[in-house]
Protein chains: 2
Amino acid sequence: MERNLEVVGTATPPPRADATRNRARLLDTARRLVAERGAEALSMDCLAEAAGLGKGTIFRRFGSRAGLFEALVDDTERAFQEACMSGPAPLGPGADPVTRLVAYGRRRLDLVVEQGALLAASNHGPSALGLHPASRAAGMHVRVLLRAAGVRADLELLTIQLLAALDPALVLNLLRLPGMTLERLGAGWEDLARRVTAAG
Amino acid sequence: MERNLEVVGTATPPPRADATRNRARLLDTARRLVAERGAEALSMDCLAEAAGLGKGTIFRRFGSRAGLFEALVDDTERAFQEACMSGPAPLGPGADPVTRLVAYGRRRLDLVVEQGALLAASNHGPSALGLHPASRAAGMHVRVLLRAAGVRADLELLTIQLLAALDPALVLNLLRLPGMTLERLGAGWEDLARRVTAAG
DNA sequence: AAGGAAAACGGACTACAGTCCGTTCTGAAC
DNA sequence: GTTCAGAACGGACTGTAGTCCGTTTTCCTT
């Protein structure tokens, strides 16, 4: 008898019951603590104690602090990605590429305002690269839009340069500056996007 | 008798001899350790021991780890800033603004390759803002060039967006990507700068 | 239902940035 | 030269992310 009837080749064994239960418990507790005291104040020791679990369990499950936050924003990121790929225009297909690119940045800025601390904390490493799936998806999306807009350039690089302007940590800090508003950032993004796509 | 003959008004008392000596000793030791083992491997405990000083002294002098690295790159940053303001073209005055902007980014990328780890470690906070003097000077310079190039936009914001593409941590990570070279980054910057300044 | 291998767990442990406060040193005034 | 106020120092202390390995739990096999 095979241990896995569905996939014979690269079979990943199903997670154990306690692993699943504890994962859910950690995420629930984390969400509660974040709601109560903010994302920055959430330490791993604190979470472990509040969830009644060991610290090692957190790191086994999520790999790092950033990995935990990545899991926390996973739903939102999936929904956002879905909206980009198959939702209504102007974010989804239907509008022209530049309009979609503008809408992408504006919606992204909204997201940062809504849950910026979570997003910033979910950034692994020094700066955004195409490592975690969410940022990989973002890069793909923007690159496709740029190509569709007829931009002829090093699209991979241009994409990274554009997305750097939407980096949650950067945006969060900008919003703390006097005289900086979400509207202004949105207008700035639109201007940048139009300039970059203007030449062709 | 006045304690300070030169500046009467807001007189900052001169630093004590031991403070000056220890500051120099810390910087020397730090430079040596960085040369031997790299910037990432330099811990403050380690530096304190190697310099034969207490850890408190480091923090009293430099405020933070980033502050220490800021002091370490201070010479280079000053020279760079000087070259931008009054050096030979195309970096300094003489060339047209767009050419200067292109040269600025290219030279900045060179600097990141030369001492990227130091620059990355000297970044306070989450992402670059106009807080420490070096980045304030960079912002001023780019903003002036954009204005001189006739760009009509939210220049403060556009400057930040452009400089985000030169962030040391980002650039350092990009260079680790397969197929990414300094030349490619330079070309990418040039393309971005020309696109942004094209519209007016 | 019993056995056992592998996965998951727990919490002590390490390494690190940054703080605190009692102690030491400097330099200016007399 | 003595004094002394305040600057500078030292290193123990705190809080944090992440690691390690002996112990416990799961669940497949028989």
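Residue numbers start from 1 in every chain, and the chains themselves are labelled A, B, ... in the order their sequence lines are given, proteins ahead of strands.
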request  = Mind jotting down which residue pairs meet the salt bridge (Lys or Arg N to Asp or Glu O under 4.0 Å) criterion with at least one end in residues 61-72 of chain B? Sequence neighbours excluded, please.
outcome  = none
message = If the condition is side chain to side chain contact (heavy atoms under 4.5 Å, CB included), which residues does A:R136 pass it with, not counting sequence neighbours?
response = none
Partner residues of B:E114 under the salt bridge (charged side-chain N to carboxylate O under 4.0 Å, His left out) criterion, sequence neighbours left out = B:R107
request  = State which residues pass ring-ring contact (aromatic ring centres under 6.0 Å, His included) with A:F69; sequence neighbours excluded, sorted by chain then number.
outcome  = none
query = When every nucleotide of nucleotides 3-16 of chain C is labelled 5' to 3' by its protein contacts under 4.0 Å (heavy atoms), B for base, S for sugar-phosphate only, - for none, what sequence of letters results?
reply = ---BBBBBB----S
request  = Find the distance B:F62:CZ to D:dA8:P and express it as a whole number of Å.
outcome  = 13 Å
inquiry  = If I take atom CG in residue A:L68 and atom P in nucleotide D:dT16, what distance separates them, rounded to the nearest angstrom?
reply    = 15 Å
message = Applying ring-ring contact (aromatic ring centres under 6.0 Å, His included) as the test, list every pair that has at least one member in residues 136-168 of chain A; sequence neighbours left out.
response = A:Y104-A:H141
